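Note: hydrogens, waters and symmetry copies are ignored here, and every other heavy atom, side chains too, is used. Quick caveat: nothing in here was measured; it's all calculated off a predicted structure.
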Amino acid sequence: SPYTTIVGGRTNGIDSSSESFIGGGNTNQITASTYSAILGGGGNKVVGGSTHGIVGGGVANIIKGASTTSFIGGGFANEIIQASHFSAIVGGWNNLIDVGSAYALLGGGFNNTIDTVDWGVLVGGEANTVRSNSDYSGTLGGSGSTISESLYATVGGGVRQRILNSSYSNIVGGDHNTIMLGSSNSFIGSGARNFMTNGDYSNIVGGHSNTLSASTHSSIVGGYENTVQLGNYNVVGGGYTDQIRKSSYSVVGGGQLNWILGGEINTHNAIVGGLSNKIGQLDAPYWMYDNPLHDFIGGGQYNTLSATSDSSIVGGQHNLITYSDNAHIGGGSTNIITGSTTGVIGGGLLNYLLNSGHSNIVGGIQNQILHSLRSHIGGGSGNTISELEGFDSLTASIVGGQHNVISGSSHSFIGGGDTNLISTRGGGEGSVIVGGTGHIITASQGHSTIVGGLQNKITGYHSSFIGGGRYNLIDTSPESVVVGG
């Protein structure tokens, strides 16, 4: 080995390695590796055609397997092997650069590995691995983290983080977070046990046990056990066990057990918060969906939109809109709209719209409009507008009061009072009860009026009038008048 130098130490050797240098230490060896150097330490080796290799010091460090122009600064039992050219280990213990990992840098720590990765970086920590065609990827620190089959990926730190087959993705910190199976250009900020798969351009900012799968350009900001699955451009802000499944361009802001469950064309839905609110299939397993579009729930609890589009529930509890487009419930409790396009319930308790498009109930308790288009109840209690024997009550109105009924009588009106009835079986319309108690209009030709009083009746043909009083009756006589008394 011409032009070689051993300055001092003991049992050091240079063999078949011209122009090489050992500064000191003991049992250091350079073999078949020209232009190489070991500055000191013990049991260090540069062997197997690893030309221009340098070991600064430490113990049992090895450069071998034709790993040319590589460097180990110090530490214990560090290795650069298998043609890992232009690579470096600064220090640490039992660190490895393996199998053709050119231009790799391993700073220190314990039991870290760069394997089959060009331009890989592993700064420190314990039992971290960058491997298998993850060029330009790196781990800054932490413990037990892995990057595999992922170009330009980064793990900042934390415990047991994984980026698998997801290029250009990053995990900043936390523990047991995973990005895998084609989630390229994606991000997990922190938290614990968050999981992402098939989520290109997606993010989990933090939280615990959140899952994002088969959903591109989507985000979970935080919270616990939230899910985004089978959709694109979705956001869950936080909360607990919130879900967006098979929907796109949808948002759950937070809260608990809020779900958007979609079909093939489910898009642009939102739940701001609250508890157990749902947009999607009513009372079905999560894998059975309808197709809600542009629906909104603001908050409250146990509110549901099912088989709807462009509909909304602002708040309250146990409110339901189903099979109704452009419908709205403002709040209250246990209000229901079904089969009623552009139907509105402002609030109240136990109010009901059934197959009554363009109708509304402003508030009150147990008011209902059944099979009656373009009708209105303002408030009160127990008021009803309904069809009778196949005749609808179109554009009918009850302003308030209690237990008032318009049945089978279109264009009719009750202002208020108690237990008033207009029922003309479709043959009459346009009748009016302004107020009072117990009044009845059953005139077959309609256009009759009772202003007030007690238990007045018009049962004649049409166009009759009672102004007030008690127990007055117009029977069989059209165009009759009782002023009062």
For F86, check ring-ring contact (aromatic ring centres under 6.0 Å, His included) against everything at least two apart and list the hits. Y103
Closest non-hydrogen atom pair, N44 against I38: O-CD1, 3.5 Å
Please check: side-chain N/O of T178 versus main-chain N/O of F195, any donor-acceptor pairing under 3.5 Å? no
Heavy-atom nearest pair, T341 first then S324, reads N-CB, 4.5 Å
Donor-acceptor pair, N28 side chain versus N12 backbone, under 3.5 Å? no
Less than 3.5 Å apart, any donor N or O on the side chain of S215 or N234 sitting next to an acceptor on the other? no
Side chains of D392 and S372: is there a donor and an acceptor less than 3.5 Å apart? no
For the backbone of M180 and the side chain of S183, can you confirm whether one donor and one acceptor N or O come within less than 3.5 Å of each other? yes
Minimum-distance pair of heavy atoms, taken over all atoms of S340 and N355: OG-N, 3.1 Å
Under 3.5 Å: donor-acceptor pair, side chain of D242, backbone of L257: yes
Apply ring-ring contact (aromatic ring centres under 6.0 Å, His included) to H318 and list each qualifying residue two or more places apart in sequence or on a separate chain. Y302
Less than 3.5 Å apart, any donor N or O on the side chain of T308 or S311 sitting next to an acceptor on the other? no
Non-neighbouring partners of T11 that pass side chain to side chain donor-acceptor pair (under 3.5 Å), sequence neighbours left out: T27
Pairwise side-chain contact, N203 with F187, heavy-atom cut-off 4.5 Å (strictly under): yes
Return the minimal non-hydrogen interatomic distance between I369 and H376, and the atom names on each side. CD1-N, 4.0 Å
Would you please test Q82 and D98 for side-chain hydrogen bond (donor to acceptor under 3.5 Å, both in side chains) and show each step? CA-CA 6 Å; Q82 301 295 329; D98 193 8; 5.1 Å; no
Name all pairs fulfilling the ring pair (Phe, Tyr, Trp, His ring centres under 6.0 Å) condition that reach into residues 48-73, sequence neighbours left out, sorted by first residue then second. Y35-H52
For the side chain of S150 and the backbone of S134, is there at least one donor-acceptor N/O pair under 3.5 Å apart? no
Check: Q368 main-chain N/O paired with N383 side-chain donor or acceptor under 3.5 Å: no
Polar contact flag, side-chain donor to acceptor under 3.5 angstrom, Q229-T227: no
More than 12 heavy atoms from other groups under 6.0 Å of CZ on F21: yes
Those residues at least two apart in sequence (or on a different chain) that pass ring-ring contact (aromatic ring centres under 6.0 Å, His included) with Y152 are Y136, Y168
Run the side-chain donor-acceptor check on residues 116-123: report pairs under 3.5 Å with partners two or more places apart or on a different chain.
unit_1, atom_1, unit_2, atom_2, d
D118, OD1, A102, N, 2.9

Fit a plane to each ring of H217 and Y233, take the angle between them on a 0 to 90° scale, and name the class: parallel (under 30°), tilted (30 to 60°) or perpendicular (over 60°). parallel
Starting from the C-alpha separation in whole Å, work towards a yes-or-no answer on side chain to side chain contact (heavy atoms under 4.5 Å, CB included) for I321 and I313. CA-CA 8 Å; I321 301 176; I313 298 174; 3.8 Å; yes
Looking only at side chains, do D15 and T31 share a donor and an acceptor under 3.5 Å apart? no
Hey, is the main chain of N78 close enough, under 3.5 Å, to the side chain of N61 for a donor-acceptor pair? yes
With a 3.5 Å cut-off and no angle check, do the side chains of N326 and T342 form a donor-acceptor pair? no
